[in-house]
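Accompanying notes for the structure given below.
Protein chains get the first letters and strands the later ones, always in sequence-line order, with residue 1 at the start of each. Because only heavy atoms are used, hydrogens play no part in the values below, and waters and symmetry mates are left out as well, while side chains stay in.
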2 protein chains.
Amino acid sequence: MSQQRHGSTPGEAGGVPAFPDLPEATIARLPEYLRALHHLAETGAETVSSEGLAAAAGVNSAKLRKDLSHLGSYGTRGVGYDVSLLVAQIEYILGLDENRAVCLVGVGNLGHALAGYAGFASRGFRVVALFDTDPRKVGEQINGLTVRHIDDLERIAAEESIAIGVIATPPGTAQTVADALVAAGVTSILNFAPGVLSVPSNVDVRKVDLAIELQILSFHEHRKASLTALPGGRSAAASPDKLPDNQKAVGS
Amino acid sequence: MSQQRHGSTPGEAGGVPAFPDLPEATIARLPEYLRALHHLAETGAETVSSEGLAAAAGVNSAKLRKDLSHLGSYGTRGVGYDVSLLVAQIEYILGLDENRAVCLVGVGNLGHALAGYAGFASRGFRVVALFDTDPRKVGEQINGLTVRHIDDLERIAAEESIAIGVIATPPGTAQTVADALVAAGVTSILNFAPGVLSVPSNVDVRKVDLAIELQILSFHEHRKASLTALPGGRSAAASPDKLPDNQKAVGS
DNA sequence: CGCGATTTGTGCACGCCTTCACAAGCGCCT
DNA sequence: AGGCGCTTGTGAAGGCGTGCACAAATCGCG
Ligand SMILES: NC(=O)c1ccc[n+]([C@@H]2O[C@H](COP(=O)([O-])OP(=O)(O)OC[C@H]3O[C@@H](n4cnc5c(N)ncnc54)[C@H](O)[C@@H]3O)[C@@H](O)[C@H]2O)c1
Ligand SMILES: NC(=O)c1ccc[n+]([C@@H]2O[C@H](COP(=O)([O-])OP(=O)(O)OC[C@H]3O[C@@H](n4cnc5c(N)ncnc54)[C@H](O)[C@@H]3O)[C@@H](O)[C@H]2O)c1
C-alpha cells in the first residue's frame with residue numbers, strides 16, 4: 001500500500017531486531033497467531049509446530065512459516081516454535097507491550113457495548129476515555145469511566161497520550177469526530193460508522209462495517225443459490241476447497 | 001456490452017445477465033459502491049463519473065471502472081454511470097433484492113446493540129429471530145422481537161428460511177453455536193467471537209474481531225514511532241501516498 | 001558418533017489484483 | 001454534419017501474496 005520504505009537503515013546493529021517492514025497481509029494475520037498462541041500457552045504447551053499453530057489459527061502452514069520468517073523468528077528445526085518466545089516477539093512487533101491508550105467517541109447503542117468489552121484490556125489496550133455530545137450521556141458512569149463531553153477531547157488526549165480513537169457515532173458526524181480526533185493528536189482511528197473518512201496521510205484508518213460483511217455473505221448466498229439452480233452446476237460436492245473461504249486478512 | 005465469461009454453463013441464454021464470477025476483491029468493494037451510490041441518489045444526482053463515484057467510495061477510479069466492467073455494467077462514455085440503474089445492478093448481484101432473513105445468537109452486551117441496529121433493515125436484511133440460552137434473557141422483548149431459546153433454532157430457521165446467522169456469544173461457545181446454525185440449515189455466518197470456526201465447505205464464514213483491528217493499528221503506531229525515532233528516517237513528508245491506506249477488502 | 005526422523009526456512013512459480021495508459025464511444029456545440 | 005472534449009472499458013505490465021517442494025538444521029536414539 002503506502003508507507004514503509006525505510007528499506008534498509010543499514011546503520012542498525014544486528015543485535016536488536018530493528019524494525020522489519022512486514023507485508024500488510026502478514027501483519028493482518030499476526031493477531032490471529034497471537035490469539036492462538038495464548039490459547040496454546042493456557043493448555044501448557046511449550047512448543048508448537050508450524051502445522052499445529054497454523055491449524056489453530058486457521059491458515060496454511062507454509063503461509064504461517066513464511067509470515068514468521070519475515071519477522072526473523074526463532075523456531076527450531078525438528079522441534080517447532082517456543083510458544084512464550086513467539087508470543088513475546090509478536091507482542092513486541094505489534095507494539096502491544098506499550099498498553100496503548102484508546103478513547104471511544106459515541107456512547108450510544110454500540111458504543112455502550114464496546115465500552116464494557118473486556119476484550120480490550122485482555123488484548124493489550126486500555127480504554128481511558130469515553131466521549132459524547134448528548135448532555136444526557138455526559139457524566140454517566142460506564143464500567144468505571146465517566147462519559148466526557150467531546151470538547152474535552154483535546155485536553156484529555158494530551159494528558160493520557162491517546163494515540164488510538166474509536167468512532168461509534170452516527171455516520172453523519174463521523175467525519176467531524178475524525179477531524180477532532182486528528183486535531184487532538186490521534187494517529188489511528190477505528191471507524192464503525194459507514195462511510196469514507198478523509199484524514200491526513202499520517203493517520204491510519206480502519207473500518208468495520210457490519211452491513212458490508214452481511215452483503216458479502218449475501219452475495220455468496222446468491223451465488224450458491226444460482227449454482228444449485230443451474231442444470232450444469234455440480235452440487236455441493238463440486239467445491240474443491242481446503243479452507244472455508246474467508247476474508248483474506250484484511251485487510252482485510 | 002459483450003460480457004460473458006461466467007466460465008462454464010454454456011447453455012445459458014444471452015438475455016438475462018446470468019451469474020458472473022467476480023473476483024473476491026471486487027465483491028468486497030461492491031457494498032461500498034452501493035452505499036456511495038445511495039448517498040448520491042439522495043442528493044439528486046442522476047449520473048456519476050467513475051472519478052466521482054471512486055472518490056465517494058474511497059478508491060482509485062481505474063479500480064472502480066474495472067470492478068464495474070466485471071459485472072457488465074452499463075456506463076455511457078462521455079457521461080458516466082446511471083445512478084439508479086447501477087444501484088439496481090449491484091443490489092441484484094449482491095442478492096439484496098431478496099431481503100434475506102438473519103438471525104442473531106447471543107443477546108448479551110454486543111448482541112443487544114446489534115439487535116437494535118437500524119442499519120440491518122436499511123441495507124437489505126431482516127432480523128427475524130434472536131436466540132440465547134440464558135433463561136433471564138429468553139422471553140425478553142428487544143426491538144419488537146422476542147428472545148427465543150436456542151433449542152428453537154432449528155424449527156424457526158426452517159419456518160423463516162434463515163440463511164444467515166450472526167454469532168455474538170462468548171468465544172467458548174461459538175463453535176457449538178456454529179454447529180447448531182449449520183444443523184439448522186444456515187449457510188452463511190458472521191462471527192463476532194474471537195477464534196476460528198470450523199464449518200462444512202459449503203458454509204461461508206466471515207469474522208469481525210475488534211481486537212485484531214486495534215492490534216493492526218497498534219502495529220502501525222509502533223512503526224510510525226520507530227520511524228520518527230530513526231535518524232535516517234525521513235519525517236512525515238516522506239509519505240508519497242494518495243489514499244489513506246486502509247484494509248483492502250476483504251478481507252476483509 | 002552417526003543416522004534417521006522431524007520440522008523449519010525459503011527459492012520459485014503461478015495467479016490475483018492493482019494501476020497505467022489509451023483507443024473507442026458518446027454527447028454537445030458550432 | 002463535423003469536430004471536440006469527456007468518460008468508459010480494457011490490454012498490458014508490474015507487484016504482491018500464496019503454496020509447493022525441498023534443502024538445511026536440529027534432536028533423539030541406538
Ligand atoms: N448498533 C449497532 O449494532 C451498530 C452496528 C454496526 C454499525 N453501527 C454504526 O455505529 C454507529 C453508532 O451506532 P449506534 O447504534 O450506537 O448509534 P446511537 O445513535 O445509539 O449512538 C450514537 C451516539 O453518538 C453520540 N454522538 C452523536 N454525535 C456525536 C458527536 N459529534 N460527538 C460525540 N458523540 C456523538 C450520540 O449522542 C449517541 O450517544 C453508527 O454509525 C452505526 O451506523 C452500529
Ligand atoms: N461487547 C463488545 O463490544 C464486543 C466487541 C467485540 C467482540 N465481542 C465478542 O462478542 C461476543 C459477545 O460479547 P458480549 O460482550 O456481548 O458478551 P456477553 O457475555 O455480554 O453476551 C454473551 C451472550 O451470549 C449468550 N450465550 C452464551 N452461550 C450461548 C449459547 N450456547 N447459545 C446462545 N447464547 C449463548 C449469553 O447468555 C449472553 O447473553 C464475545 O465473543 C466477545 O468476545 C464483543
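- A donor-acceptor contact under 3.5 angstrom links the side chains of A:His220 and A:Arg223, judged on distance only.
- The separation between B:Lys63 atom NZ and D:dA12 atom P is 22 Å, rounded to whole Å.
- Rounded to an integer number of Å, the gap from B:Tyr74 OH to C:dC26 P is 13 Å.
- The distance from atom CG of A:Leu64 to atom P of C:dT10 is 14 Å, rounded to the nearest whole Å.
- Between B:Tyr81 and D:dG9, a side-chain N or O to OP1/OP2 separation shorter than 4.0 Å is present.
- A:Asp21 has its CG atom 11 Å from the P atom of D:dG17, to the nearest Å.
- One can place CG of B:Leu71 at 13 Å from C1' of D:dG9, the figure rounded to the nearest angstrom.
- Regarding contacts with the backbone of D:dA21, every side-chain N or O of A:Arg65 stays at 4.0 angstrom or more from both OP1 and OP2.
- Ion pairing of B:Glu51 with B:Arg65 is absent here, as no side-chain N (NZ or NE/NH1/NH2) approaches a carboxylate O to less than 4.0 Å.
- Taking only distance into account, the side chain of A:Arg77 meets the base of C:dT8 through a donor-acceptor pair shorter than 3.5 Å.
- Take the nearest nucleotide of DNA chain D for A:Val79 and for A:Ala62: the residue whose nucleotide is more 5' is A:Ala62.
- Residue A:Lys66 places a side-chain atom within donor-acceptor reach of the base of D:dG19, judged by atom type and a 3.5 Å distance cut-off alone.
- Side-chain proximity of A:Ala25 to D:dT10, D:dT8, D:dT18: nearest is D:dT18.
- Between B:Thr76 and the phosphate of C:dC26, there is no side-chain N or O to OP1/OP2 separation shorter than 4.0 Å.
- The CG atom of B:Leu68 sits 16 Å away from the C1' atom of C:dT19 (whole-angstrom rounding).
- Side-chain N/O atoms of B:Asn60 include one lying less than 4.0 angstrom from OP1 or OP2 on C:dC20.
- In this entry the distance linking NE2 of B:His70 with C1' of D:dG9 reads 11 Å, nearest Å.
- With a 4.5 Å cut-off on side-chain heavy atoms, A:Ile164 and B:Leu214 count as touching.
- Here B:Ser50 reaches the OP1 or OP2 of D:dT8: one of its side-chain N or O atoms lies under 4.0 Å away.
- Side-chain contact, A:Glu221 with B:Thr187: a donor N or O sits under 3.5 Å from an acceptor N or O.
- The CZ atom of B:Arg29 sits 8 Å away from the C1' atom of C:dC17 (whole-angstrom rounding).
- In summary, the side chains of A:Ser69 and A:Asp67 do not present any donor paired with an acceptor at a separation below 3.5 Å, with no hydrogens or angles considered.
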